[in-house]
There are 2 protein chains.
Amino acid sequence: MATPLPRDPIADARLNWERHGWSDVAAPMAAITAIMRTQQILLARIEGVLKPFGLTFARYELLALLSFARSGALPMNKASALLQVHPTSVTNAVDRLQGAGLVIRSPHPTDGRTTLIELTQEGRTLAKRATAALNSDVFAQSGFAEQDVDQLIRILGTFRRNAGDFSE
Amino acid sequence: MATPLPRDPIADARLNWERHGWSDVAAPMAAITAIMRTQQILLARIEGVLKPFGLTFARYELLALLSFARSGALPMNKASALLQVHPTSVTNAVDRLQGAGLVIRSPHPTDGRTTLIELTQEGRTLAKRATAALNSDVFAQSGFAEQDVDQLIRILGTFRRNAGDFSE
DNA sequence: TCCAAACCCTTGGATGTCCTAGTATATTGC
DNA sequence: GCAATATACTAGGACATCCAAGGGTTTGGA
């Protein structure tokens, strides 16, 4: 992985698709494969930046979400919905964040089924610092041209809406 | 996740970024987050299609790669490089594919360090069937407009080249 | 020639994701 | 009011990914 390949493996896959008579779906196949690979690259960068803070991307996302909540607290099911991950993934993340003293679980005042996740002061501070690091080391150097960023937001926004992520 | 959210959570995150004075990186943040979420949606679709074949995406990718190799066999390190995943991930995938009788390990004829992965007849057949299913159920209904597919291929291709995936 | 460095693969451990199932609490409908 | 249904969270298991470390094989320079 250290050394670049001589040829683009996804472009090669597309050629293979075309050679096998699947030309009609070769382009979407290439686009989807490229999304998978790009996600992998971005995730690695993000995790690299977060590692010194003792955070993973999953835990960071939860911290960031809480830091934007007016009260600094959210029900777990709400977090699961907003982060669009499985409830058990939230349970897992909260377990670890709580172990690190960054959040605490507290009972919901009126609904006995619900558990609230609340930022500790330490968690709030760490979220701020981690966000600053991501902003400067990842987002400010995304490697996408400005126009392309807009294109991505538009294209993927439409896709996500069609996939049922949101109705708006 | 079953019910669409009333608002786009990524657009909301972008607003939060702007409100906190990080307007300069709000757009790339949104684009990157959208890529992460889109990958998640696509992966779920793909795995759903592959499940009846007893395959995961990781295993399918390896099978497909082998099916396009002229000899039907590849060294493990070559597969690792082309799929751009860690060597241990290939070991893991090969273990399971071999257990299912879809590939076999064989020693490299001249290099004692290297192990070749080879498709069995059964593996070749399954790869064909799985590809046909992905073509019709995922790639042919990607949900991306044709123009957008081209945009994605272009934008992400540039990104991957800059990230060091290939030199071409 | 021969040993150190480089390379290849595997094992073991840490994380994250999802699914299924189980327990507890709310809500709904009769 | 109470049973049936729905909702919320957690426990356990299957997979995948990466990293670190270890053992075997090659290669290359002294």
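Given the structure is predicted, the values throughout are model-derived calculations rather than measurements. In the text below, chain A, chain B and the rest are named by the order of the sequence lines, each starting its count at 1.
- Residues A/D8 and B/R161 are not paired through a salt bridge, judged by the lack of any N-O separation under 4.0 Å between the basic side chain and the carboxylate.
- Checked against ring pair (Phe, Tyr, Trp, His ring centres under 6.0 Å), A/H108 has no partners two or more places apart in sequence or in another chain.
- Ring orientation note: the planes of A/F68 and B/W17 are tilted relative to one another, at an angle of 30° to 60°.
- Protein atom CG of B/L43 is 9 Å distant from nucleotide atom C1' of C/dT17, rounded to whole Å.
- Of the residues in residues 110-118 of chain B, those lying under 4.0 Å from DNA chain D by heavy-atom distance are B/T110, B/D111, B/G112, B/R113.
- Within the nucleic acid shown, B/N77 comes within 4.0 Å of sugar-phosphate atoms alone, with no base atom in reach, counting heavy atoms only.
- Atoms CD (B/E47) and C1' (D/dT17) sit 13 Å apart, rounded to a whole Å.
- For the pair B/L74 CG and C/dC8 C1', the computed distance is 15 Å after rounding to whole Å.
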For nucleotides 20-22 of chain C, list the nitrogen or oxygen atoms of the protein found under 3.5 Å from its nitrogen or oxygen atoms, one pair per line.
none

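- Grouping the Ile, Leu, Val, Met, Phe, Trp and Tyr side chains by contacts below 4.5 angstrom, directly or via other members, places A/F139 apart from B/I10.
- Taking atom CD of B/Q40 as the reference point, atom C1' of D/dA16 lies 15 Å away to the nearest angstrom.
- Proximity of residues 51-65 of chain B to DNA chain C (heavy atom under 4.0 angstrom from any strand atom) is not detected for any residue.
- Note on residues 111-136 of chain A: pairs passing salt bridge (Lys or Arg N to Asp or Glu O under 4.0 Å), not counting sequence neighbours, are A/D111-A/R113.
- B/S89 places no side-chain N or O within 3.5 Å of a backbone atom of B/V85 that could act as its donor or acceptor partner.
- Sorted by first then second residue, the salt bridge (Lys or Arg N to Asp or Glu O under 4.0 Å) pairs that include residues 77-106 of chain A, not counting sequence neighbours, are A/D95-A/R105.
- No salt bridge links A/K51 with A/E47; every basic N to acidic carboxylate O contact stays at or beyond 4.0 Å.
- In terms of position along DNA chain D, the nucleotide closest to A/K78 lies nearer the 5' end than the nucleotide closest to the other residue of the pair A/K78 and B/P87.
- For B/V85, the side-chain atoms get nearest to D/dC18 when compared with the rest of D/dA16, D/dC18, C/dT17.
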